[in-house]
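Below is one structure, written out as structure tokens; the observations come after it.
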Number of protein chains: 2
Amino acid sequence: MANLQDVAKRAGVSIATVSKVISNTPYVAEATRQKVLDAIQELGYRPNLAARALSSGKTHIVAVVFPYVYDALFKDPLVLAILEGVESVLNAHKYNLLLSTPRLSEDGIDESYFNLLESGYVDGLIAIDSVPLASVAQAAQARKLPTVVIGYHEAPMSVRCDDFQGGALLMEHLLGLGHRQIGVISVPKSMNLAVNQRLRGMAQVCTEHGVDFEALPIVEGDFSNRGGAQAAEHLLSQHPQLSALVCVNDRMALGAIQRLQQLGLRIPEDVSVVGYDNLAQSEFSGPPLTTINQHAVTLGQSAAEMLFLALAGQQPAPRVLAPTLVVRQSTAQARPHLAIELTRKE
Amino acid sequence: MANLQDVAKRAGVSIATVSKVISNTPYVAEATRQKVLDAIQELGYRPNLAARALSSGKTHIVAVVFPYVYDALFKDPLVLAILEGVESVLNAHKYNLLLSTPRLSEDGIDESYFNLLESGYVDGLIAIDSVPLASVAQAAQARKLPTVVIGYHEAPMSVRCDDFQGGALLMEHLLGLGHRQIGVISVPKSMNLAVNQRLRGMAQVCTEHGVDFEALPIVEGDFSNRGGAQAAEHLLSQHPQLSALVCVNDRMALGAIQRLQQLGLRIPEDVSVVGYDNLAQSEFSGPPLTTINQHAVTLGQSAAEMLFLALAGQQPAPRVLAPTLVVRQSTAQARPHLAIELTRKE
DNA sequence: AGCGCATAGTTAAGCGTTTAACGGAGCTTG
DNA sequence: CAAGCTCCGTTAAACGCTTAACTATGCGCT
């Protein structure tokens, strides 16, 4: 592979001149500039990024951090949508994307994550930071890395979709349809700060409507389809009077729907089900899912754009997106509820 | 941030000695070694990877390449599963994962991809290489980067799940259930080499059973839920006698099922539907989908393991995984078919 | 003519590592 | 006791780039 020296020799100039041509520094004669460009062409020269990084301190790499807690976070299609948004902006800026998935546990964060932070390999960092356990972003900020947080940990630069409002919208929808016997499928409080906000939003709206949110039956799942299915079965076998199910994410909602249907319940005639996320697939479930769109792609884009502003020396303001309610066919007016026999299948 | 020099000074030795301690070179006295380790501890020293990369030529970064053709390939949950497999192995080896999504078009490959290949930033590369248009892996091999191909382009190191056999398994299943009026939902031939293999496998089995595969009605989608839905509607309105639908991926199958149900058809009583991929969500659709498990996570793991073998100087043999048929509730015995009125909804 | 200034190009230091080459100290050995 | 080990540590070059500091040239002014 050709290096600057080769190019310089071929063009009959010094290394510094070549470097100036490449970096578009002024005060290079047009003729020289052409000679250099030709030499670059002929040799197929490409800069060595490691050398450039060492010398300039800029790597053109942004780390995207998805903590790995109980499971790979990026398995969630929602996270994927965020990644898609980040990728599009990074790509447009010709930056590379380094996917980091530090293992989180009670003992703290994976040691090799710190190595990465201090390696000089990354110019900036975008982190999904929703786990109460530990903040992957704080670790980065402490090391003076420009960091954008997607989530609820405190940070000078952050983006999020208002989960409180999202929860509120969802609950308003259900209450508006006349539902009062509502089951909740959530995750353990220690799992996710965003989910906790959603629950708070729901509680608030309930209070406004004279419903005691705390009294509603709640089961904790693990974000997965299977978790939702199990939770739904559990809820309806214990509380057959329920006319609606709120799930804190779409995957659990989809799992719930499928299980309830297997148990002979009709959605939404017998039970209304809502999710949260608006995954692509949620539009094509049977029935299509009523849910909250948290604009994940935009979330990712915003995060990346903020990071670039910061890298350009500016101080972008935190951004909070407004969630939107997407009403589809998994919810319907609450009917005077008939007791329903649950035919347990497993 | 502390560097080798600082550590050396603190430990009262030379830079070279510190470096030797770090790289576990023999012939360092135990006492010195301890002094150095202490100094490292006290200063919180972490190696600068850019410098290390420049000096040693090793970056400890592996690029995972998902070409971006019509759309971001990594949006597909299947690709995500592959990514999960790759990530787990990379993480175990303490390697970093750089996600590269070069834009592919008729004009060839995105220029910045070549910059990456020759940047000296990556030690090796794992590429999903299933697009006939162009091979992202060949470009890498031409530049002497250790490269593992997931897919059908020729390469010294490659992994794949036997798509021919997968297609065959799927068709055998349907024919075995007595289906003869089968519709096919595929993608344009120019889109994906793996899919083409699946179709060949199906055709072969059809021939063995005296069915003319070429004569079966076929519609081309775009891998998406929506594409599957539209294709299914199109197929059944043109060919109401169909008793089964083969889709070349799960997403289209799920979209198809949903649309057919909307049109008043029962799955599998009226129409059997099969997919390909065995996505996590396919187990939780209504009804759960009969499909082919192509062991995506294992695929990713194998690719990463092969790459590490190659980096260690070995020459791993190509690997072909055997697909497995997963029978769920979206397929049933073909019944004497009643003509079904399609109520078009859109 | 002599000064200042804009333009064009070069020299050389430095980024933080790795590593080959070297040398000294303390052994064994014939 | 000199030669030849082994063991431990140092010196210095190299990786390929960026960039501050410098030199040189030509031009317009007074």
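What you see below is based on every heavy atom in this structure, not just the backbone, and it leaves out hydrogens, waters and symmetry mates. Labels below follow one simple rule: chain letters A, B, ... track the order of the sequence lines, proteins then strands, and each chain is numbered from 1.
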Touch class at under 4.0 angstrom, heavy-atom based, for B:Thr32 against every strand present: sugar-phosphate

Touch class at under 4.0 angstrom, heavy-atom based, for A:Ala16 against every strand present: base

Spacing of [X] atom [atom1] relative to [N] atom [atom2], expressed in whole Å:
X: A:Ile15; N: C:dT10; atom1: CD1; atom2: C1'; answer: 11 Å
X: A:Glu30; N: C:dA8; atom1: CD; atom2: P; answer: 10 Å
X: B:Arg33; N: D:dC8; atom1: CZ; atom2: P; answer: 11 Å
X: A:Gln5; N: C:dT11; atom1: CD; atom2: P; answer: 12 Å
X: B:Leu4; N: C:dG14; atom1: CG; atom2: C1'; answer: 15 Å
X: B:Lys20; N: C:dT19; atom1: NZ; atom2: C1'; answer: 8 Å
X: B:Tyr121; N: D:dC15; atom1: OH; atom2: C1'; answer: 15 Å

D:dT18 OP1/OP2 closer than 4.0 Å to side-chain N/O of A:Ser19: yes

Pair B:Arg103-A:Glu87, salt bridge (charged side-chain N to carboxylate O under 4.0 Å, His left out): steps then yes or no: CA-CA 12 Å; B:Arg103 269 54 178 171; A:Glu87 192 274 341; 2.8 Å; yes

Steps toward side-chain hydrogen bond (donor to acceptor under 3.5 Å, both in side chains) verdict (B:Asp163, B:Tyr152): CA-CA 10 Å; B:Asp163 288 277; B:Tyr152 282 88; 2.9 Å; yes

Closest to the B:Tyr27 side chain, choosing from D:dT10, C:dT10, D:dC8: D:dC8

Residue pairs, two or more places apart or on separate chains, that pass side-chain hydrogen bond (donor to acceptor under 3.5 Å, both in side chains) and touch residues 26-36 of chain A: A:Asn24-A:Arg33

Salt-bridge present (B:Glu111, A:Lys94; N to O < 4.0 Å): no

Ion pair A:Arg160/A:Glu154, N-O distance below 4.0 Å: no

Aromatic ring proximity A:Phe74/A:Tyr68, centre distance under 6.0 Å: no

Separation between CG of B:Leu97 and OG of A:Ser100, rounded to the nearest 0.5 Å: 9.5 Å

Positions of residues 35-60 of chain B (non-hydrogen atom under 4.0 Å from DNA chain D), listed by number: B:Leu54, B:Ser55

